[in-house]
Amino acid sequence: MKKVLTIAGSDCSGGAGIQADIKTITAHKMYAMSAITALTAQNTTGVYGILETDAKFMGLQLDCIFKDINPDAVKIGMVANKDIIKTIANKLIEYKAKNIVADPVMVSTAGSRLMEEDAANTLIEKLLPLATVITPNLAEAEVLCNFPIKTKEDCIKAAETIFKKIPTAILIKGGHLEDCADDLLWDNGSIHWFKGERIDNPNTHGTGCTLSSAIASNLAAGHDLVTSIQNAKDYITGALKANLNLGKGSGPLNHMYNL
Ligand SMILES: Nc1ncnc2c1ncn2[C@@H]1O[C@H](COP(=O)(O)OP(=O)(O)OP(=O)(O)O)[C@@H](O)[C@H]1O
Ligand SMILES: Cc1ncc(CO)c(N)n1
């Protein structure tokens, strides 16, 4: 059985973070492990509190995982602060982790900060360059490239700019583009658009977490990057179309649709 590790924050309401990742990895029939960077008190209406993990304890979780069950792929989500980011980066290097998918989670869908403001440079310099692919949404890509992104042409310019700072494959997610849900993969100068029809479903809590853990699961299965992203995009489309309607805000996805 393939093993996938998620390094992310907990979402007690089960829609995003660690819980979305474990559901996604399990739906891919793989063994899920988790190293938790923070507890969040949140639900479909917003984030109400964050308790960050002590950085030393973060390292201990990663030692326990890598010394015992070596993951075939690693997904990184919410990383909370500078010390946690440095610890994760050091451990990934120490244990020679492979197939790393890093989602640079900064702000929740409802607008709450999930990473301390002064941590962006540490994320860019220490952690993101270790990834096989990084998966910013439009707002996160704007932070990484320092200019506004409105169109698909802007996405290409943004990827070129980000690549100069973080020389790895970049998937800019178009979930927040106006008329489509196309995602752009920029891989060492080559461009690949993943076409997505915009699904009329307000329940999109955890789409980013789900996409990145689905990509990690596909890389763990041995697929190449383009195939892994296409399969992950198909997975998220199915989970959105299956139209679960839970909670009073932007609800979670349906991971049970093809089980
Ligand atoms: N309404 C939609 N219809 C179709 N695909 C969508 C829709 N919303 C998001 N997606 C897809 O879901 C994936 C995640 O993209 P999105 O831009 O929502 O990420 P995110 O903002 O990081 O997510 P999160 O809300 O979890 O922070 C992408 O492949 C995107 O194209
Ligand atoms: C723990 C966590 N990670 C990521 C997101 C982004 O969707 C969230 N809302 N919560």
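One is the number of the first residue; the rest follow in order along the sequence. Fair warning: this is a prediction, and the values are worked out from it, not measured in the lab. Just follow the structure's listing: the first ligand is 1, and inside any ligand the first atom is 1.
Geometrically, ligand 1 and Gly208 share a nitrogen or oxygen pair separated by less than 3.5 Å. The shortest N/O to N/O separation between Thr207 and ligand 1 falls below 3.5 Å. An N or O contact shorter than 3.5 Å links His176 to ligand 1 by distance. Inclusion of Val107 in the set of residues having an N or O under 3.5 Å from an N or O of ligand 1 is not warranted. When only interatomic distances are considered, the shortest N/O to N/O separation between Lys233 and ligand 1 falls below 3.5 Å. Ligand 1 has a nitrogen or oxygen under 3.5 angstrom from a nitrogen or oxygen of Ala181. Remark: ligand 1 and Asp103 share no N or O pair separated by less than 3.5 Å (distance only, no angle test).
With a heavy-atom cut-off of 4.0 Å, Cys209 touches ligand 2 through its side chain alone. Contact annotation for Ile18 and ligand 2: no heavy atom of the residue comes within less than 4.0 Å of the ligand. For Ile199, heavy-atom contacts with ligand 1 shorter than 4.0 Å involve the backbone as well as the side chain. Using a 4.0 Å cut-off between heavy atoms, Leu240 contacts ligand 1 through its side chain alone, with no backbone atom that close.
Remark: minimum distance from atom 5 (C) of ligand 2 to any protein heavy atom is reached at Leu114 CD1, 3.6 Å. In terms of protein heavy atoms, atom 2 (C) of ligand 2 is closest to Gln42 NE2, 3.7 Å. The shortest contact between atom 22 (O) of ligand 1 and any protein heavy atom is with Lys173 NZ, 2.8 Å.
Near Glu197, with a cut-off below 4.0 Å to any heavy atom, the atoms of ligand 1 are 3 (N), 4 (C). Annotation for ligand 1: atoms under 4.0 Å from non-hydrogen atoms of Gly206 are 26 (O). Atoms of ligand 2 lying under 4.0 Å from any heavy atom of Gly9, numbered from 1 in the order shown and given with element: 1 (C). When each atom of ligand 1 is checked for a heavy atom of Leu211 under 4.0 Å away, the hits are 29 (O). Short contacts between ligand 1 and Thr204, defined as distances under 4.0 Å to a heavy atom of the residue, involve ligand atoms 25 (O).
Under 3.5 Å, the side chains of Asp187 and Ser190 contain no donor-acceptor pair of N or O atoms. Side-chain contact annotation: Lys248 with Thr45, donor-acceptor N/O pair under 3.5 Å absent. Of the N and O atoms on the side chains of Glu52 and Thr37, not one donor lies less than 3.5 Å from an acceptor on the other residue.
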